[in-house]
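Have a look at the structure below before the remarks.
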2 protein chains.
Amino acid sequence: MSTAEETAGAEAQPWGEVTPDAARRLLLAAVEAFAERGYHATTTRDIAGRAGMSPAALYIHYKTKEELLHRISRIGHEKALDVLRTAARAEGSPTLRLAEAVSSFVRWHAGGRTTARVVQYELDSLGPDARAEIIALRRLVDAEVRGIIEEGVRSGEFDVPDVRGTTLAVLSLCIDVARWFNVNGSRTPEEVGALYADLVLRMVGAGRTDTVRAE
Amino acid sequence: MSTAEETAGAEAQPWGEVTPDAARRLLLAAVEAFAERGYHATTTRDIAGRAGMSPAALYIHYKTKEELLHRISRIGHEKALDVLRTAARAEGSPTLRLAEAVSSFVRWHAGGRTTARVVQYELDSLGPDARAEIIALRRLVDAEVRGIIEEGVRSGEFDVPDVRGTTLAVLSLCIDVARWFNVNGSRTPEEVGALYADLVLRMVGAGRTDTVRAE
DNA sequence: ACCGGTCCTAAGCGATCGCTCACCCTTGCC
DNA sequence: GGCAAGGGTGAGCGATCGCTTAGGACCGGT
């Protein structure tokens, strides 16, 4: 390891899989810039500048500016899907698993708000092929949540008249956290995760027996 | 009246208050363009072209491109606030009024998705002064919803441990409709409004006596 | 010492951006 | 008819965009 840079906080150290060190620094700079100003308002000179390089350096590691967004979006979605699956496929009742899935998914969006913002809101700055690939990943996310809800309905724990619509609403609620969450605000990602898990359990009618809190 | 253009659908004919006819056509063109591509990716030439004018015509009615976004955002927020207040301040129990408030607010975001998208997601393309003005309007929206929930808690109809957090979640849920709603999709704005009203009533614990559907 | 490969920079190309300027056409008022 | 005012256009200015090109610094292997 060359540079021992670790950003404190909930963002952990993602992008570890991006192999050339300079390429990772550029990608990290792009995430910050895209999250702050949006994809179209970000210049390649700004990205390179944040990474401490000349504008031309970007094109050694990435073919176009859009490829940067594509890679960020794909890695980010895979990460989010992984977080969700870990919770969704654990042991336990649908109630427990749904609570943990929502809680961890929300924590990911709140804690890694910088990344999540780019991943969730810059989708249609991508070209058709890249967008199609990302949409496929999103369908997997949707299927994961819908699976838990369907199971809960079958087991009688949940009371959900419209499974598809409720799944949509649950995911919408979680994703929108990336829009409003403020790092300097009064709530921690953990608090929001716990609150949202409780709200979602109410939405699926799981509070009739006993409300299980994910701690 | 000169041009009898009316767009069919739920968008009605807003922007009626924009007085010079050419200015309204330009503004309508800007809404479409901003919603499709985002503010920064939209060129002034594109806006003028959609309105059937030359690029220079834009600057007769608006000082800058940002002024267009500012006006769209302010008028849109006022409209959304008006829709919400009409439902929130009607007669009836907090349960009924919350259901109608959510339902109509969602219908506005789904039916007028083009406008809502610009209004809700291009906020930070505005300068500091304009953004501050819009944020003030948002606080009024928040206060309106929080008022109903607080009233429901006082009357015993609702069971809400975290009023501020739940208010945030309810509004987040409604606003995010503008992101995912698809006009060609299988759900109408009315259906989504009814579904969301039901989900929100569950979130505030209003389903214990009887579930009132807004029809 | 010489090499090929990797990583990077300075300079700049063509295109396009937001916006301006000089000028024209129509309209209403006297 | 005269004429100011408002609404419009064609051309283009300076700036900046994404991206390319030519070339240099550093590296380990032989």
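Naming: A, B, ... by sequence-line order, numbering from 1 per chain.
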Tell me the interatomic distance from A/Tyr59, atom OH, to C/dC13, atom P, rounded to whole angstroms. 17 Å

Check whether any side-chain nitrogen or oxygen of A/His40 sits under 4.0 Å from OP1 or OP2 of D/dC17, and answer yes or no. no

Which whole-number value in Å describes the distance from B/Ile60 CD1 to C/dC23 P? 17 Å

Report the residue (B/Ala56 or B/Pro20) whose heavy-atom-nearest nucleotide on DNA chain D is the more 5′ of the two. B/Pro20

Presence of salt bridge, B/Arg187 and A/Asp162, under 4.0 angstrom: yes

Closest to the A/Ala22 side chain, choosing from C/dG18, C/dC8, D/dC19: C/dC8

What is the distance, to the nearest angstrom, from the CZ atom on A/Phe34 to the C1' atom on D/dG18? 12 Å

Could one point to a donor on the side chain of B/Arg25 or the base of D/dG7 with an acceptor on the other under 3.5 Å away? no

Nearest whole Å is fine: how far is C/dG18 C1' from B/Glu67 CD? 14 Å

Centre of B/Phe34's six-membered ring, under 6.0 Å away, within 45 degrees of the axis: is that where NZ or CZ of B/Lys65 sits? no

Any salt bridge between A/Arg71 and A/Glu66, counting N to O under 4.0 Å? no

May I ask you to verify if any side-chain N or O of A/Thr44 is less than 4.0 angstrom from the OP1 or OP2 atom of D/dG18? yes

Roughly how far, to the nearest 0.5 Å, is CG of A/Asp176 from CD of B/Gln120? 9.0 Å

Expressed as a whole number of angstroms, how long is the span from A/Leu69:CG to D/dG18:C1'? 15 Å

Carboxylate-amine/guanidinium contact A/Arg25 A/Asp21, below 4.0 Å: yes

Spacing between B/Leu58 atom CG and D/dG10 atom C1', to the nearest angstrom: 16 Å

Taking atom P of C/dT6 as reference, at what distance in whole Å does atom CE of A/Met53 sit? 17 Å

Would you say A/His61 places a side-chain N or O within less than 4.0 Å of OP1 or OP2 belonging to C/dT6? no

What's A/Ser54 touching, base or sugar-phosphate or nothing? Going by heavy atoms closer than 4.0 Å. base

Looking only at D/dC19, C/dT9, C/dC19, the nucleotide nearest the A/Ala57 side chain is C/dT9

In whole Å, what is the span from the CG atom of A/Leu26 to the P atom of C/dC7? 12 Å

